[in-house]
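Below you'll find the structure, written out as structure tokens, and then a few comments.
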Amino acid sequence: MTAQIIDGRALARTVRREVEQRVVALAADGVVPGLAVVLAGDDPASQVYVRNKAKMAARVGIDARTIRLPAEVSAGDLLGVVERLNADDTVHGILVQLPLPAGISAAEASTILRAIDPAKDVDGLHPASLGQLVAGEAGFVACTPSGCMRMLRAHGVPLEGRRAVVIGRSTIVGKPMALLLLAANATVTVCHSRTVDLAARVREADVVIAAVGRPRLVRGDWVKPGAAVIDVGINRGDDGKLVGDVHFDEVSQVAGHLSPVPGGVGPMTIAYLLHNVSLAAARRLGGA
Ligand code: GUN
């Protein structure tokens with residue numbers, strides 16, 4: 001079998017067109033959705049991500065601004081920036097790019113994310129947003145899991161009653177991903193670095209979401225023939241090229257659907273950030 005490749009770039013264009021339509025509707029009410037991205041330090045990957053987010057936001061008519069702060073910024077100063085953005089009515093969405101610099105402790109990072117007004121939490125990482133997801137209430141859902149769900153939906157991958165394996169238990173991808181699959185009535189297993197016989201767990205799955213950050217971890221003989229495999233990994237190979245968590249050449253011979261890296265989940269993550277920003281603006285107006 002040769003997998004159908006899930007084209008994240010094409011699907012992200014569709015999502016951006018939907019966002020554009022909402023932005024046009026908001027303009028009729030005199031609202032321009034605003035996104036503030038806070039980038040502390042000089043992590044090279046973060047610089048690229050943030051540049052892409054701002055570029056794509058501008059394309060759909062979102063007013064995006066990037067607040068750049070030095071790597072030595074204090075947690076107090078970062079909190080001050082978040083509080084200023086909370087109070088700014090031209091800002092509908094706030095995103096604090098992760099990872100924060102090494103000088104900010106995990107506890108401080110958590111305090112900073114908690115300080116974001118949940119109504120502006122377009123990253124879906126505030127405990128209130130995560131709690132809403134657990135409770136099945138409307139809130140903001142993290143962008144990467146939202147993008148993965150849209151990819152599965154767009155390709156008509158059945159989820160109800162099927163076995164889904166999520167590899168990775170991060171707050172940003174693995175945990176919200178598992179909750180979304182569960183909400184779609186899949187039978188969900190979350191695997192991680194301590195999982196015994198990971199290959200055997202993956203072999204049982206009709207849907208595999210790989211989000212661990214280990215280059216080409218998922219091999220062809222781990223995958224059930226016909227399974228849908230979504231590769232969230234973005235790893236830099238020895239040759240400097242981007243590789244996912246899935247061994248593309250092997251798995252594409254076995255899977256029914258497969259998302260590539262690059263050109264898979266990455267563009268969808270950004271598209272769903274824009275979706276969330278337009279949703280935040282619409283909600284403030286009372287229209288969504
Ligand atoms: N770093 C890598 N991906 C993300 C993301 O989706 N949101 C934030 N805030 N930081 C990230």
Side-chain angles (χ1 to χ4, degrees), residues 8 12 15 19 35-57 62 64-69 71 73 75 78-79 81-82 85-86 91-102 104 106 108-118 120-130 133 139-151 166 168-177 179-180 209-214 230-236 242 244-245 261-262 264-277 279-280:
V15 176
V19 174
L35 167 66
V37 178
V38 180
L39 174 59
D42 41 26
D43 178 72
S46 291
Q47 306 272 348
V48 176
Y49 296 151
V50 166
R51 210 176 314 127
N52 285 338
K53 286 171 186 174
K55 188 171 89 183
M56 292 299 172
I62 289 172
R65 70 191 79 159
T66 304
I67 294 108
R68 289 172 195 279
L69 301 164
V73 68
L78 262 169
L79 264 181
V81 169
V82 168
L85 295 171
N86 280 343
V91 173
H92 299 87
I94 302 170
L95 182 150
V96 176
Q97 185 68 22
L98 302 173
L100 286 167
I104 306 288
E108 286 168 334
S110 173
T111 304
I112 290 158
L113 292 182
R114 241 177 210 281
I116 295 172
D117 177 351
K120 298 188 178 186
D121 179 35
V122 289
D123 232 0
L125 295 180
H126 191 288
S129 303
L130 293 164
L133 183 58
F140 289 107
V141 180
C143 307
T144 299
S146 293
C148 294
M149 289 302 285
R150 178 66 180 264
M151 291 167 111
V166 179
R169 55 176 158 180
S170 66
T171 305
I172 197 163
V173 183
K175 286 177 192 166
M177 187 76 237
L179 289 164
L180 290 175
I209 312 286
V212 259
R214 301 222 349 235
I230 304 287
D231 190 350
V232 180
I234 303 182
N235 311 289
R236 211 40 83 191
L242 287 186
D245 291 351
V261 177
V265 173
M268 292 299 289
T269 294
I270 297 184
Y272 268 88
L273 170 66
L274 309 180
H275 165 91
N276 280 351
V277 176
L279 189 62

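Because the structure is predicted, anything quoted here is derived from the model rather than measured. For the single chain, residues carry numbers from 1 onward in sequence order. Both ligands and their constituent atoms are indexed starting at 1 by order of listing.
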task = Show which atoms of ligand 1 fall inside a sub-4.0 Å distance from at least one heavy-atom site of L95.
result = 9 (N)
request  = Pull out every atom of ligand 1 sitting under 4.0 Å from any heavy atom of V96, numbered as shown with elements.
outcome  = 8 (C), 9 (N)
key: Short side-chain to backbone donor-acceptor contact, D121 and I116, under 3.5 Å   = no
query = Listed by chain and number, what are the salt bridge (Lys or Arg N to Asp or Glu O under 4.0 Å) partners of R65, not counting sequence neighbours?
reply = D63, D88
message = Determine whether D123 and C143 satisfy the following criterion, side chain to side chain contact (heavy atoms under 4.5 Å, CB included), listing intermediate values before the conclusion.
response = CA-CA 6 Å; D123 232 0; C143 307; 4.3 Å; yes
request  = Output the distance between atom CG (D245) and atom CZ (R214), rounded to the nearest 0.5 Å.
outcome  = 9.0 Å
task = Of the side chain and backbone of I172, name the one, both, or neither that has a heavy atom under 4.0 Å from an atom of ligand 1.
result = side chain
Considering heavy atoms of the protein only, find what lies nearest to [atom] and give residue, atom and distance to 0.1 Å.
atom	value
atom 8 (C) of ligand 1	D123 OD2, 3.2 Å
atom 11 (C) of ligand 1	Q97 NE2, 3.4 Å
atom 1 (N) of ligand 1	L98 O, 2.8 Å

query = Quick one: does L125's side chain get under 4.5 Å of L98's, heavy atoms only?
reply = yes
ask   = Are any of the side-chain heavy atoms of V81 and V73 separated by less than 4.5 Å?
value = no
query = Do any heavy atoms of T144 fall under 4.0 Å from ligand 1?
reply = no
